[in-house]
Amino acid sequence: MTDELELDDEINRRANEKSAKRKAARDKMLATKTIEKGLLIVHTGKGKGKSTAAFGLVMRALGHGFKIGIVQFVKGKWETGERSVLAKFPDLVTIKIADPSYRLILLDELNIVLRYDYLPIADVVAKLASRRPGLHVVVTGRNAKDELIGAADLVTEMTMIKHPFRDGVKAQVGIEF
């Protein structure tokens, strides 16, 4: 029994040493990261999850008390779950973009508007590039234009592997909207 306890103590000691080394390396690396700025984030691609990921960032920001602005392009009159939930936070979430108190703006499906040239890409990129420091902007939608990708700080492409729509399954409440 004593040997087992000594072995457990030795395993725990080694694990603690490894953990301390990882923490020291992480702290050293993090000390070099000194820039703090608002990010331009683009979620694009044919896979599902672009808006879902963006609204996840909205929820995270709300958890920190950020004021959020949301513009949903081309969603039409669909009653989305996002709208229902966010309507419960009228003091933190509204649908305007110029308010200087916003910390995060979500431009949901803007890429579709840009794809069909409903808004000039050069004007949109210039406006996003001139946003005030500290303002995070998330843009979603398929087929992000190269100019937007070039201006972005973070770009994620969602890749569809399989989708139930291809098998005749319709868009479902709580999953697609």
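The CD atom of Glu6 sits 7.5 Å away from the CG atom of Asp9 when rounded to the nearest 0.5 Å. Distance check: Asn16 CG to Lys18 NZ gives 11.5 Å after rounding to the nearest 0.5 Å.
Closest heavy-atom contact between Gly141 and Asn111: O-ND2, 2.7 Å. Heavy-atom minimum distance, Glu109 versus Phe73: CB-O, 3.3 Å. Closest non-hydrogen pair, Lys67 versus Ser101, comes out as CD-OG, 3.0 Å. Annotation for Arg131 and Leu135: closest pair NE-O, 3.0 Å, computed over non-hydrogen atoms. Closest heavy-atom contact between Ile149 and Ala144: CD1-O, 3.7 Å.
At least one donor-acceptor pair under 3.5 Å links the side chain of Ser130 to the backbone N or O of Ala126.
Within the 4.5 Å cutoff, the side chain of Lys46 has heavy atoms near those of the Arg142 side chain. For the pair Ile41/His43, a side-chain contact is recorded, criterion being any heavy-atom separation below 4.5 Å from C-beta on. In this structure, Phe55 and Lys50 have side chains that are not in contact, with every pair of non-hydrogen atoms separated by 4.5 Å or more.
Partner Val71 forms a side-chain contact (heavy atoms from CB on, under 4.5 Å) with one of Leu107, Leu106, Ile105 and no other, that one being Leu107. Checking Leu104, Ile68, Leu57 one by one against Leu62, the side-chain contact (heavy atoms from CB on, under 4.5 Å) holds for a single residue, Ile68. Screening Thr44, Leu110, Leu40 against Leu148 for a side-chain contact (heavy atoms from CB on, under 4.5 Å) leaves a single residue, Leu40.
Other residues sharing a hydrophobic cluster with Ile11 under the 4.5 Å side-chain heavy-atom criterion for ILVMFWY residues are Leu7.
Listed by first and then second residue, the salt bridge (charged side-chain N to carboxylate O under 4.0 Å, His left out) pairs that reach into residues 30-42 are Lys37-Asp153, sequence neighbours excluded.
Between Glu17 and Arg14 there is no salt bridge, since no side-chain N of the basic residue sits under 4.0 Å from a carboxylate O of the acidic one. For the pair Asp27 and Lys23, the salt-bridge criterion is met [side-chain N within less than 4.0 Å of a carboxylate O].
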Donor-acceptor list for residues 154-168 side chains, cut-off 3.5 Å, not counting sequence neighbours:
| from | atom 1 | to | atom 2 | distance (Å) |
| --- | --- | --- | --- | --- |
| His163 | ND1 | Phe165 | N | 3.0 |

